[in-house]
Amino acid sequence: QWVYNILEKKAEADRIVHENPDPSNGFVLVPDLKWNQNQLDDLYLIALVHRREIKSLRDLTAEHLPLLRNVLQEGKEAIVKRFGVPGSQLRIYLHYQPSYQHLHVHFTALGYDAPGSSVERAHLLADVIDNLAMDSMYYQKRALTFPLRADDPLFKKFQEAGKV
């Protein structure tokens with residue numbers, strides 16, 4: 001609901017850094033709640049796509065390339081304009097598994113070791129775009145490795161199934 005409140009401007013409308021209102025290829029860019037916006041060393045923003053049916057990386061196909069390219073290009077442009085940080089100094093990625101089921105893209109300062117920015121969980125947006133351009137069904141076919149905490153309910157299900 002937090003995501004929908006932002007997209008509908010019922011909450012945090014004053015925090016929006018950039019918006020592309022297009023219902024198919026648009027998104028809202030907002031500072032992540034973990035970032036206090038007082039310094040750029042730990043810059044952290046989130047792009048929330050307007051399309052509600054895209055839950056995660058697994059749902060993406062080549063059909064979504066215009067959306068993903070918009071997020072990448074416009075997100076970098078908005079950040080350099082607002083904060084003076086060029087795209088070359090950003091890490092732009094999606095999580096798998098995501099922490100909530102609505103497609104969102106993380107923009108962090110390259111030097112910031114953000115939670116979940118490690119290779120086991122983060123998939124660089126530029127790589128996602130290249131993979132989908134090569135094979136529309138890439139993320140439906142590919143095995144994706146991801147870490148789980150010992151207390152995660154999904155980990156418990158893997159244990160019960162004898163997969164751990």
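Residues take their numbers from the sequence shown, with the count starting at 1. The model shown is predicted, which means the values in this text are computed figures rather than measured ones.
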- Close side-chain approach of Asp32 and His104, heavy atoms under 4.5 Å: no
- Under the side chain to side chain contact (heavy atoms under 4.5 Å, CB included) rule, what do Arg51 and Leu103 come out as? Steps first, then yes or no, please. CA-CA 8 Å; Arg51 293 178 66 169; Leu103 189 72; over 6 Å; no
- Item | Heavy-atom side-chain proximity of Leu60 to Leu94 below 4.5 angstrom | yes
- Heavy-atom donor-acceptor pair, Arg58 side chain to Tyr139 backbone, under 3.5 Å: yes
- Output all residues satisfying salt bridge (Lys or Arg N to Asp or Glu O under 4.0 Å) with Asp152, sequence neighbours left out; order by chain, then residue number. none
- Which word best sums up how the rings of Phe158 and Phe146 line up, parallel for under 30°, tilted for 30 to 60°, or perpendicular for over 60°? tilted
- Is a side-chain N or O of Arg121 found less than 3.5 angstrom from the main chain of Gln97, in a donor-acceptor match? yes
- Task: Name the orientation class of the two ring planes belonging to His18 and Phe27 (parallel below 30°, tilted from 30 to 60°, perpendicular beyond 60°).
- Result: tilted
- Query: Should Leu33 and Arg15 be marked as a side chain to side chain contact (heavy atoms under 4.5 Å, CB included) after you check the CA-CA gap, both sets of side-chain angles, and the distance that decides it?
  - Reply: CA-CA 10 Å; Leu33 296 174; Arg15 293 172 35 95; 3.6 Å; yes
- Under 4.5 Å between side-chain heavy atoms, hopping through other hydrophobics if needed: is there a path connecting Val105 to Tyr138? yes
- Note on the structure: When every non-hydrogen atom of Gly75 is compared with those of Leu29, the smallest separation belongs to O-CD2, 4.1 Å
- Task: Determine the sole option in Val71, Leu65, Val49, Leu67 for which the side-chain contact (heavy atoms from CB on, under 4.5 Å) test with Asn25 is passed.
- Result: Leu67
- Note on the structure: Contacts satisfying side chain to side chain donor-acceptor pair (under 3.5 Å) that involve residues 76-87 (not counting sequence neighbours) are Gln73-Glu77
- Decide yes or no for Gln140 and Thr61: does some side-chain heavy atom of the first lie under 4.5 Å from some side-chain heavy atom of the second? yes
- Do Lys9 and Ile16 come within less than 4.5 Å of each other through their side chains, counting heavy atoms only? yes
- Single-linkage hydrophobic cluster, 4.5 Å side-chain cutoff, Leu144 and Met137 together: no
- Mind checking whether Val85 and Leu110 have side chains closer than 4.5 Å, heavy atoms only? no
- Item | Sub-4.5 Å side-chain heavy-atom contact between Tyr100 and Leu48 | yes
- Determine whether Leu7 and His50 make a side-chain contact, defined as any pair of heavy atoms from C-beta on separated by less than 4.5 Å. yes
- Query: Would you call Arg149 and Phe155 a side-chain contact if the rule is heavy atoms closer than 4.5 Å?
  - Reply: no
- Tell me, please, whether Tyr112 has Arg91 positioned over its six-membered ring: NZ or CZ under 6.0 Å from the ring centre and within 45 degrees of its axis? no
- Item | Atom of Thr108, atom of Tyr93 and distance for their closest heavy-atom approach | CG2-OH, 3.5 Å
- Looking only at non-hydrogen atoms, find the nearest pair between Ala62 and Pro66 and report the distance. O-CD, 4.2 Å
